[in-house]
Amino acid sequence: MSLAQERNLRLVRDDSAEPGVRLGDIRLRNRLVTSSSLLGYGVANAKVMAYGMSPISNFVPLERFGAVTTRTVTVEPREGHFTTKDDWELRELPGLLKRYGQALRQVDGGWLNAFGWCNVGIDAYLRDYYPRTRAQNTIMSVGGFSTEEFVTLVDKVNAAVPVGEIAALEFNVSCHNVNFDFNKIIESVLAEAVPRSNHPVILKLSPDYDYIGHARLAAKHGVSALTAINTVKGLRLDPETGTPLLKNGFGGLSGRAIKPIGLRVVKELRDADVTLPIIATGGIRSFDDCREYFWAGADAVSLGSASWFASYPGYALSPIYGARIRNLLRRIENYTPPAR
């Protein structure tokens with residue numbers, strides 16, 4: 001019996017242990033989760049300048065979400081296009097804002113970012129962060145540039161996290177901000193890393209790749225669910241100089257601007273007879289946004305930059321934004337999606 005089969009058997013036996021929503025062998029507390037990176041590792045080291053944690057998160061009970069998805073974690077620490085430092089002091093604010101200006105910019109209808117998978121690495125995450133987030137239901141986002149790296153990530157999580165203690169691993173094999181063609185490795189990653197995992201695996205799809213083909217590969221290799229969609233590759237230039245606004249040049253577009261794209265992808269996946277559960281993300285901010293995605297065929301929805309980001313002055317309204325998210329949580333907790 002494979003590791004994946006043993007995992008599924010253990011989860012089926014424990015099905016009644018905790019209420020919530022089941023997406024195949026993934027257990028969520030409800031159908032509203034948070035998207036990767038917007039809440040960092042789910043906990044911060046500094047209260048004042050809590051890099052990685054949206055200020056809005058201070059006013060929302062993260063343990064009530066269906067699951068909280070971490071920033072993408074790699075085998076080794078990566079500075080990316082930003083920094084791994086997350087204990088900034090108030091006097092360091094100018095330097096932090098300068099770095100943000102090179103990795104995140106507000107654009108028409110959304111945000112353009114290129115953080116480049118900056119993270120502390122899987123060992124530091126499992127040692128220093130994950131133990132402090134056990135009250136949350138966690139989806140660990142992991143990324144790598146080879147099949148071997150994904151296998152290593154799976155093995156490290158298997159060794160450190162008991163079966164059933166997290167919701168799933170999310171394989172990020174679709175990020176444009178690291179300047180890598182994931183089409184070269186995706187099939188071997190799914191074929192070799194998914195069966196090794198003691199935990200359910202979610203594949204994150206990009207609208208810029210062959211998402212229907214990748215979804216079918218995911219089903220073939222035992223992936224439990226799909227996240228649709230990752231950010232859309234975009235570019236903004238300084239109109240005076242013609243230089244890119246972001247340090248990386250290209251970045252990932254998120255927010256309200258990509259909601260029609262996210263809805264299209266979810267609907268096209270269902271029209272193509274993809275039956276895996278889908279966690280939809282892209283421009284979600286209100287209950288009506290969620291209902292649109294459910295009508296399109298999603299099984300759960302995920303809050304990203306449209307909910308957690310604001311202009312710097314706008315963060316003064318964080319308590320109001322937090323109240324809006326708490327209200328959305330209450331509505332989703334009591335909502336049953338339309339039957340398909």
Side-chain angles (χ1 to χ4, degrees), residues 2-8 11 23-26 35-37 41 67 69-80 84 115-127 129-130 138-163 165-206 208-211 213-231 252 276-277 279:
S2 70
L3 284 174
Q5 289 172 323
E6 292 178 3
R7 174 200 75 207
N8 292 342
L11 288 175
L23 306 186
D25 57 352
I26 298 172
S35 300
S36 176
S37 296
Y41 309 108
T69 308
T70 68
R71 71 178 332 107
T72 297
V73 180
T74 52
V75 174
E76 301 293 336
R78 278 179 58 89
E79 289 290 314
T84 59
F115 287 99
W117 281 0
C118 57
N119 74 96
V120 297
I122 187 65
D123 292 331
Y125 166 72
L126 291 171
R127 181 186 66 240
Y129 294 88
Y130 174 65
T138 298
I139 296 173
M140 291 184 185
S141 176
V142 295
F145 301 99
S146 68
T147 299
E148 292 73 22
E149 288 185 19
F150 275 93
V151 167
T152 297
L153 288 161
V154 164
D155 288 347
K156 286 180 177 291
V157 175
N158 284 347
V161 181
V163 172
E165 193 169 287
I166 61 173
L169 287 178
E170 181 181 78
F171 280 16
N172 187 349
V173 201
S174 58
C175 179
H176 293 297
N177 300 337
V178 291
N179 304 318
F180 182 78
D181 183 4
F182 290 100
N183 285 302
K184 298 176 181 178
I185 67 168
I186 186 168
E187 186 162 16
S188 62
V189 166
L190 296 178
E192 296 186 34
V194 173
R196 297 178 71 94
S197 178
N198 290 344
H199 307 278
V201 173
I202 301 168
L203 177 64
K204 191 169 190 177
L205 300 174
S206 167
D208 295 319
Y209 290 142
D210 178 12
Y211 46 87
H214 290 177
R216 288 174 174 156
L217 281 176
K220 174 183 175 182
H221 292 292
V223 167
S224 298
L226 307 167
T227 295
I229 55 176
N230 209 329
T231 57
L276 286 176
I279 301 172

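All of these numbers come straight from a predicted model, not from anything done at the bench.
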| request: Could you check Lys184 against Asp181 for side-chain contact (heavy atoms from CB on, under 4.5 Å), going step by step and ending with a plain yes or no? | output: CA-CA 6 Å; Lys184 298 176 181 178; Asp181 183 4; 3.9 Å; yes
| query | Quick one: do the Ser206 and Ser174 side chains pair a donor with an acceptor below 3.5 Å? | reply | no
| Any idea which heavy atoms bring Val194 and His221 closest together, and the distance? | CG1-O, 3.3 Å
| Counting distance only, does the side-chain N/O of Tyr41 pair as donor-acceptor with the main-chain N or O of Val120 below 3.5 Å? | yes
| message | Does Tyr125 form a side-chain contact (heavy atoms from CB on, under 4.5 Å) with Lys156? I'd like the steps, not just the answer. | response | CA-CA 11 Å; Tyr125 166 72; Lys156 286 180 177 291; over 6 Å; no
| said: For Val151, give me all partners under side-chain contact (heavy atoms from CB on, under 4.5 Å), at least two apart in sequence or on another chain. | reply: Thr147, Asp155, Glu192, Ala193, Arg196
| field | Ring centres under 6.0 angstrom apart (Trp117, Phe145) | value | yes
| query | Taking the side chain from Asp25 and the backbone from Ser224, do they hold a donor-acceptor pair closer than 3.5 Å? | reply | no
| query | Is the Phe171-His214 ring centre distance short of 6.0 angstrom? | reply | no
| note | side-chain hydrogen bond (donor to acceptor under 3.5 Å, both in side chains) test vs Ser141 passes for just one of Thr72, Thr70, Asn119, namely Thr72
| said: Could you check whether any side-chain heavy atom of Leu153 comes within less than 4.5 Å of a side-chain heavy atom of Val75, counting everything from C-beta outward? | reply: yes
| query | Can you find a pair of side-chain heavy atoms, one from Leu205 and one from Asn230, that are under 4.5 Å apart? | reply | no
| remark: Closest heavy-atom pair, Arg78 versus Gly116, reported as atoms and distance to 0.1 Å, is NH2-O, 3.0 Å
| message | Let me confirm one number: the OG-CZ distance from Ser36 to Arg71, rounded to the nearest 0.5 Å. | response | 8.0 Å
| request: Check whether any side-chain heavy atom of Ile26 sits under 4.5 Å from a side-chain heavy atom of Pro200, and report yes or no. | output: yes
| field | Neighbour count >12 (heavy atoms, 6.0 Å) for atom CD, Glu79 | value | yes
| message | Treating Thr138 as the side-chain partner and Met140 as the backbone partner, does any N or O pair qualify as donor plus acceptor under 3.5 Å? | response | no
| field | Glu170 versus Thr227, side-chain donor and acceptor atoms under 3.5 Å | value | yes
| query | Just by distance, do the side chain of Ser188 and the backbone of Ile185 share a donor-acceptor pair under 3.5 Å? | reply | yes
| query | Do Tyr209 and His176 have side chains that get closer than 4.5 Å, going by heavy atoms? | reply | yes
| task | Going by the side-chain contact (heavy atoms from CB on, under 4.5 Å) test, name the single residue among Leu169, Asn198, Leu126 that passes it with Val161. | result | Leu126
| task | Return the minimal non-hydrogen interatomic distance between Pro277 and Leu23, and the atom names on each side. | result | CB-CB, 3.8 Å
| Does some side-chain heavy atom of Thr74 sit less than 4.5 Å from a side-chain heavy atom of Val142? | no
| message | Minimum heavy-atom separation for Leu203 and Val173, please, with both atom names. | response | CD1-CG2, 4.0 Å
| Going through the distances and angles, do Ile139 and Ile202 end up as a side-chain contact (heavy atoms from CB on, under 4.5 Å)? | CA-CA 9 Å; Ile139 296 173; Ile202 301 168; 4.0 Å; yes
| request: Carefully, step by step, assess Asn158 and Val163 under the rule side-chain contact (heavy atoms from CB on, under 4.5 Å). | output: CA-CA 8 Å; Asn158 284 347; Val163 172; over 6 Å; no
| Does some side-chain heavy atom of Ile229 sit less than 4.5 Å from a side-chain heavy atom of Tyr211? | no
